[in-house]
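So you know, we letter chains A, B, ... as the sequences are listed, proteins then strands, and number each from 1. Because the structure is a prediction, the values reported are computed rather than measured.
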Amino acid sequence: MTSGTDFKFQISNFKLTPSQRKAVFHKEGPLLVLAGPGSGKTRVITCRIAALIDSGIKPYNICAITFTNKAADEMRQRAVALGVSGGAHISTFHSLCVRILRQYADRAGIKANFSVYDEADQSKCIKQAVKDCELDATNFPPARMLEYISKLKNMLIDVDFFKAQADEFRTEKIAKIYSHYQRILTEHNALDFDDLLMKTAFLLESYPDVCCELGNRFKFLLIDEYQDTNHAQYRIAKALVSQHNNICATGDPDQSIYRWRGADLRNILDFEQDWPDAIIVKLEENFRSKPEILGVADKLIAENKNRKPKKLIAIKPPVGKVVLTQFEDETEEAQAVAQQVKELTDEGASLKDIAVFYRVNAMSRVLEEAFIQNKIPYQIVRGVEFYNRKEIKDLLAYLKILVNPSDDIALLRIINTPSRGIGKTTIDRVRAYAARHSISFFEALKKAKNIDSLSKGVQAKLGAFINMQERFKKDISGKVAPLAERVFVKSGLSEFLRCAGEEDAIENVNELINSAAQYDQQTQTPTLLDYIQQISLFSDVDRYDTSSERVALMTLHAAKGLEFENVFIVGLEEGLLPHEKSNTDDQEDLEEERRLFFVGITRAKVGLYISYARYRTIRGQMLRGSPSPFLFELGSMAAFAPGQLVRHESFGLGRVEEFIDMGENSVVVVKFENGQTKSLMLKYADLSKVNI
DNA sequence: CATAGCCGCCTTTTT
DNA sequence: GGCGGCTATG
């Protein structure tokens, strides 16, 4: 039926398996694609978009949701490569929500020019909220409060609802903090990440006409990484497809690693109950990894109790390589990684096909040093490093105020940056005036002349600042990059950085302006508002350059969705993976850590190098570590296979004769150089592998 | 009002 | 070990 010679798009060029074909050519109604790692899921989704368009659906009526902006970018590119000219909406959930909320701002009860607050902004607001409630920051730690509120919002529990429920001392206080926090955000005309989802869900559920309009616009909804959606996202999806049920969700429960952020596995596990006529397609064949690597992954993930068993079917022929190595400390480990990378490149491997994964960002430092020492090009893929830079935040703050003058966080950030003689006392006086007259801080600034407590000199300085803002505002419409450039110069930021000799900072700003230029080019009608709102959702992961000849260093979380020829996973120690902060008594938490390791392993195509160190410096303290319990779950394949050369502290060099797999109590039989043969318990033996 | 320096806080993962 | 916030000093 699908001999496929008359496709408008290039789908016929792909060899698709029967299952993939079933998913690609599924027409209407709910579809769940349970896709194991390396099963060609991304390709299936893009082919499906092309197939839908081929069958007469307008691109405009398709909405695809990805987990990161980077993934959205790639999907767009892939679609173009397939011959799909564009027009389909492809973005993250958060980006989609920004667009919807802007369009229906009045009914969502917000203003369209809202700011999107990031973690640092949120932190300032919550601290203020705790203070306003006259509560102690030790008993109500701001970070914990944010976490709590985030969870509430993800569950679509708003202030009023939570207040009504709060019936004990602590929850009552938290309700109060929640309420104050929300009030501060409203005053600033700002939404946090979770608000974007919550407000959209409420909008869709309270206004059937809006829901209907969007349902008609997006006749087909595709959601990738469905295992990591939270309850708010689920409700949004449910509302968006309520008229036609054309939902296609893809994901893998074994790769769910964002439970801590509110991801709810039930979304994917209960898909069939939510959409009873759903077609389920399983993609179990793995086109990515060598069987040796899959074997290890399979053994590990089988230890998870709360899971539907699933096959991992290796398609690639052997031989892949799985190596487990013990090191003395993290420096030795990092050096060995660098050495191994060199060997791989000597054998012809490409640096961009090599990655190093770790559990926490702090572990990147040693690796970085080793790579620098060994002159190996690398790039660190980190959360928000770039967007957290002072100079970037400063320039963005200037731009944010132009869009949303109520954004006090942005305003206070730059009112005296670079210094223009407006200090704390002045700010307090303006603030007091604003409070007395119930106007915003920005409005108060405009009326500086009426504030008696301010000297003439200070009033003039404030006047100059406001005038500058007004001048910027005159050419706010049109392209973003030229405006950003102008603001950078005229604000004095540029001059300030030059005088301070901050050349790197200027470089960074230039990169930002370049990205704005790129935005101008790619967008039909670029506006500063849209740019600012979208960029607030960007992270460094989105800046990861997959094409540059550098080794990629990243956390296991950031590794999701990627693949490499050779993968290093370092720091396989108790307390680090599984991380001590994950509650190891809690089976769910432990299983998520295991899935995290699973995700890391299954990124590797050919070579997988796992390591742990006997000693590791954590927070400046050298601590003795023990191998991660997960290592004993990998089976003999990753362990000390017969023939493996090993070294023992007192017995010296030896060769493994036999490996008796007993999980954590595994025993290795080693014949040593001195003629002795010993049976050693792996966990006590302190054997290290010697690789030749 | 600006700046330097110090103290105390946190450090799992991120849209 | 790193950053934000506070304080003391110029």
Side-chain angles (χ1 to χ4, degrees), chain A residues 65-72 91-98 116-120 122-124 127 131 137-138 141-144 146-147 150 153-154 191-197 225 228-230 232-233 256-263 357-366 381-385 387-390 413 415-429 455 457-458 461 500 533-542 554-560 571 575-584 589 592-593 595-597 599-600 617-622:
Chain A
I65 295 178
T66 57
F67 192 72
T68 62
N69 289 294
K70 172 101 190 151
S91 80
T92 62
F93 251 113
H94 288 83
S95 270
L96 176 67
C97 290
V98 163
V116 178
Y117 272 6
D118 67 12
E119 220 181 307
Q122 288 184 61
S123 168
K124 283 178 186 151
K127 278 176 188 162
K131 216 184 242 174
T138 3
R144 301 292 298 279
L146 271 184
E147 211 178 297
S150 172
K153 287 182 178 177
N154 286 164
L191 305 182
D192 64 21
F193 288 131
D194 305 307
D195 281 333
L196 293 175
L197 302 175
E225 308 286 9
D228 280 322
T229 50
N230 63 32
Q233 290 166 328
S256 162
I257 53 175
Y258 284 93
R259 204 174 77 102
W260 55 273
R261 210 176 73 184
F357 304 150
Y358 34 81
R359 180 63 176 83
V360 297
N361 279 310
M363 291 166 73
S364 67
R365 180 167 295 272
V366 218
V381 183
R382 198 175 324 215
V384 284
E385 200 185 12
Y387 295 97
N388 263 345
R389 291 211 149 93
K390 190 182 179 304
R413 178 174 190 95
I415 191 166
N416 200 31
T417 308
S419 352
R420 42 175 78 89
I422 303 170
K424 193 180 177 302
T425 322
T426 305
I427 288 167
D428 284 344
R429 284 172 182 163
S455 72
V458 169
K461 283 173 186 166
Q533 287 182 340
Q534 291 299 328
I535 206 169
S536 306
L537 302 172
F538 271 57
S539 76
D540 273 18
V541 181
D542 306 317
M554 68 188 85
T555 63
L556 285 159
H557 282 91
K560 166 158 139 171
L576 216 43
L577 188 65
H579 197 274
E580 59 187 349
K581 286 272 170 144
S582 77
N583 185 359
T584 22
D589 271 12
E592 174 143 321
E593 294 286 309
R595 289 194 293 268
L596 194 52
F597 190 21
V599 166
T617 312
I618 294 168
R619 276 176 254 153
Q621 282 226 308
M622 166 97 92

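Of the candidate nucleotides B:dT15, B:dT14, B:dC1, B:dC1 has the atom nearest to the side chain of A:T425. Closest to the A:F193 side chain, of the nucleotides B:dT15, B:dT11, B:dT13, is B:dT15. Checked against C:dG2, B:dT14, B:dA2, the side chain of A:H557 finds its nearest nucleotide in B:dT14. The side chain of A:T92 lies closest to B:dT15, out of B:dA2, B:dT14, B:dT15. Distance from the side chain of A:S419 is smallest for B:dA2 among the nucleotides C:dG5, B:dA2, B:dT14. Of the candidates B:dA2, C:dG5, B:dC1, the closest approach to any side-chain atom of A:V458 belongs to B:dC1. Listed nucleotides: B:dC1, B:dT14, C:dG5. Nearest to the side chain of A:T426: B:dC1.
Scanning both residues, A:K127 and A:P142, for their nearest heavy atoms gives CG-CG, 3.8 Å. In this structure, A:N416 and A:G421 approach most closely via the heavy-atom pair OD1-N, 3.3 Å. Of all heavy-atom pairs spanning A:S91 and A:L96, the tightest one is OG-N, 3.5 Å.
In this structure, CH2 of A:W260 is placed 9 Å from C1' of B:dT15, rounded to the nearest angstrom. A straight line from NZ of A:K127 to C1' of C:dG5 spans 8 Å, rounded to a whole angstrom. In this structure, A:E147 places its CD atom 13 Å from C1' of B:dT14, rounding to the nearest Å. For the pair A:R144 CZ and B:dC9 P, the computed distance is 16 Å after rounding to whole Å. For A:K70 and B:dT14, the NZ to P distance is 16 Å, given to the nearest whole Å. When rounded to the nearest whole Å, the span between CD1 of A:I422 and C1' of B:dT3 equals 18 Å. Atom CD1 of A:I415 and atom P of B:dA2 are 11 Å apart (whole Å). Taking atom CG of A:L146 as the reference point, atom P of B:dT13 lies 16 Å away to the nearest angstrom.
Taking 4.0 angstrom as the limit, A:N361 places a side-chain polar atom (N or O) nearer than this to OP1 or OP2 of B:dT14. At B:dT14, none of the side-chain N or O atoms of A:T68 fall inside 4.0 Å of OP1 or OP2 (strictly under the cut-off). Put simply, A:N416 has a side-chain N or O that comes within less than 4.0 Å of OP1 or OP2 on B:dA2.
Between A:L537 and A:V116 there is a side-chain heavy-atom pair separated by less than 4.5 Å.
Residue side chain A:F67 fails the stacking definition with respect to B:dT15, as its ring centre and the base's six-membered ring centre are not both under 5.5 angstrom apart and under 30 degrees in plane angle.
Using a 4.0 Å heavy-atom cutoff across all strands shown, A:S95 reaches no nucleic acid atom at all.
Around the CD atom of A:Q534, the shell of radius 6.0 Å holds more than 12 heavy atoms that belong to other residues, nucleotides or ligands.
Classification of the A:F538-A:Y387 ring pair by plane angle, with boundaries at 30° and 60°, yields perpendicular.
Rounded to whole Å, the P atom of B:dT13 lies 16 Å from the corresponding atom of C:dG4.
Of the two residues contacting DNA chain B, namely A:P141 and A:D194, the nearest-nucleotide position lying further toward the 5' end is that of A:P141.
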